[in-house]
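Notes follow once the structure below has been shown.
Proteins get letters first, then strands, A, B, ... in listed order; numbering begins at 1 in each.
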Number of protein chains: 2
Amino acid sequence: MAQCKKAGTKTIVETLQTKGYRLTTGRIALLELLLEAGRPLNVREILESWKGHPLNQVTLYRALENLSDTGVINRVDLNTGTARYEYTPNKPHHHHLVCTKCDVVEDVESCTVSTLQKKVLSGSRRFKSIYSHNLEFFGICRSCAK
Amino acid sequence: MAQCKKAGTKTIVETLQTKGYRLTTGRIALLELLLEAGRPLNVREILESWKGHPLNQVTLYRALENLSDTGVINRVDLNTGTARYEYTPNKPHHHHLVCTKCDVVEDVESCTVSTLQKKVLSGSRRFKSIYSHNLEFFGICRSCAK
DNA sequence: ATAACTATTGCAAGTAATTTGCATTAGTGT
DNA sequence: ACACTAATGCAAATTACTTGCAATAGTTAT
């Protein structure tokens, strides 16, 4: 994991540099937390995980925005009421499966939507381009089903 | 359109009744507005469309929640910052194509995700059931592309 | 129709998420 | 080590949305 972080960090610095962003100690703490969590966290969860406070809440919001900007992390909306952020440098394009009782989230990697995306674009007179899509599945996990 | 409304209203009353909800004048005004708009509106847009105020903002929030409950309207999140609601009784299952510059929204009716949904469920050990999915496409419309 | 029952409404206030302005601090390149 | 500029924290503001409660309007049974 430290190794993974080290290897990842190098590229991340470069990625941030292209937008003039700096990889500060607070942002490193944030990225490490998201990496370890392995699932999308919201602001409240991030702040609660931090006993010391590597980043103030306001700064955290700004860091999340900047890092999302560069694609190092990804903002997802899973209908849980607040935005969530996930660490993405080591992850391929994927979607999510969300339990609407306990909010547990599972990644879904099989994505056949890219071909669908082309069809959708060719079926639209009004749109010039489509550059992304969101696909989330909602269901009930086994432990909530009991 | 008046005809469409009349025909629709009958069923809507019945739909609401099953949950003990009433179809009040304010809610009728809301449904008419959403029907005429033909696209998902957020709370601010609804209130601005109403010169007189058929429903107070607070009541509007409650009405939107109740009506969503019954499926007469549908709440959608299009990453535009606030929840949007669309009139659905006359609409088949569909998705959306959103321009991220001007927020114009187009319906996408071809949905092949139901089969994908089954695959996703069978690929998950943790989940017992999947009952819905969100799929939204993001792009740039032709007039914003100029 | 009318009365009784209960959902709906509006007001005032509250909560939670997110943003902004500004002075101070910390990274980065030379 | 110096200069330049992004990042940070504080206080305060904004925005979306919710809650409690008394008054009102819709529905059902008579």
Side-chain angles (χ1 to χ4, degrees), chain A residues 9-33 40-70 72-73 75-85 103, chain B residues 9-33 40-70 72-73 75-85 103:
Chain A
T9 304
K10 190 71 188 295
T11 338
I12 289 172
V13 171
E14 295 166 1
T15 308
L16 295 191
Q17 279 180 339
T18 66
K19 295 240 180 186
Y21 295 139
R22 295 170 184 174
L23 187 55
T24 63
T25 56
R27 289 178 180 179
I28 289 172
L30 171 58
L31 291 175
E32 282 180 349
L33 178 61
L41 301 181
N42 64 26
V43 167
R44 193 173 39 72
E45 288 170 333
I46 293 169
L47 291 173
E48 282 172 2
S49 301
W50 280 338
K51 301 299 171 180
H53 11 82
L55 280 182
N56 173 278
Q57 174 169 322
V58 174
T59 312
L60 172 57
Y61 272 104
R62 289 192 268 229
L64 290 169
E65 191 188 345
N66 292 338
L67 295 175
S68 297
D69 235 30
T70 64
V72 170
I73 66 176
R75 180 195 161 114
V76 293
D77 190 312
L78 304 177
N79 278 5
T80 54
T82 57
R84 288 170 179 276
Y85 298 84
D103 286 354
Chain B
T9 304
K10 189 71 187 296
T11 339
I12 288 172
V13 171
E14 294 166 2
T15 309
L16 295 191
Q17 279 179 339
T18 68
K19 297 240 178 187
Y21 296 138
R22 295 171 184 173
L23 187 55
T24 62
T25 55
R27 289 176 179 179
I28 291 172
L30 171 58
L31 291 174
E32 283 181 348
L33 178 60
L41 301 181
N42 63 27
V43 167
R44 193 173 40 74
E45 288 170 333
I46 293 169
L47 291 173
E48 283 173 1
S49 300
W50 280 339
K51 300 301 172 180
H53 12 82
L55 281 182
N56 173 278
Q57 174 170 320
V58 174
T59 311
L60 173 56
Y61 272 105
R62 290 193 268 227
L64 290 169
E65 192 188 345
N66 292 338
L67 295 175
S68 296
D69 237 28
T70 63
V72 170
I73 65 175
R75 179 194 161 115
V76 294
D77 189 313
L78 304 177
N79 277 8
T80 54
T82 57
R84 288 171 179 275
Y85 298 84
D103 286 352

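Rounded to whole angstrom, the span from the CG atom of N66(A) across to the P atom of dA7(D) amounts to 6 Å. Distance Y21(B) OH to dA25(D) C1': 18 Å, rounded to the nearest Å. Put simply, CD1 on I28(A) is 13 Å from C1' on dA7(D), counting in whole angstrom units. In this structure, L55(A) atom CG and dA6(D) atom C1' are separated by 14 Å, rounded to whole Å. The interatomic distance linking N42(A) (CG) with dT18(C) (P) rounds to 8 Å, in whole Å. Rounding to whole angstrom units, CD of residue Q57(A) and P of dA17(C) are separated by 8 Å. Whole-Å rounding puts the L60(B) CG to dA16(D) C1' distance at 12 Å. dC17(D) atom P lies 10 Å from atom CG of L64(B), rounded to whole Å.
Listed pair Q17(A) / dG29(C) meets the phosphate criterion, a side-chain N or O lying under 4.0 Å from OP1 or OP2. A close approach under 4.0 Å does occur between a side-chain nitrogen or oxygen of R27(B) and OP1 or OP2 of dT9(C). Between T59(A) and dG9(D) there is a side-chain polar atom (N or O) within less than 4.0 angstrom of OP1 or OP2. In this structure, Y61(B) reaches the dC17(D) phosphate: one of its side-chain N or O atoms is under 4.0 Å from OP1 or OP2.
Distance from the side chain of T25(B) is smallest to dG26(D) among dA12(C), dG26(D), dT8(D). In the set dT8(D), dT8(C), dA16(D), dT8(D) carries the atom at the smallest distance from any side-chain atom of T24(A). When distances run from any side-chain atom of T82(B) to the nucleotides dT18(D), dC17(D), dT20(C), the shortest one goes to dC17(D). Taking the side chain of A83(B) as heavy atoms from C-beta on, and the options dC17(D), dA17(C), dC11(C), the nearest nucleotide is dC17(D).
Considering all non-hydrogen atoms of both residues, R22(B) and R27(B) come closest at O-NH1, 2.8 Å. Between P40(B) and L78(B), the shortest heavy-atom contact is CG-CD1, 4.2 Å. For A83(A) against N42(A), the heavy-atom pair with the smallest separation is O-CB, 3.2 Å. Across all non-hydrogen atoms, the minimal contact from L30(A) to A63(A) is CD2-CB, 4.0 Å.
One N or O donor and one acceptor, one from the side chain of R22(A) and one from the base of dT5(D), sit under 3.5 Å apart. Contact annotation: side chain of R62(B) to base of dG10(C), donor-acceptor pair present below 3.5 Å.
The only option from I12(B), T15(B), L16(B) that meets the side chain to side chain contact (heavy atoms under 4.5 Å, CB included) definition with L67(B) turns out to be L16(B).
Counting non-hydrogen atoms under 4.0 angstrom, G81(A) reaches nothing in the nucleic acid.
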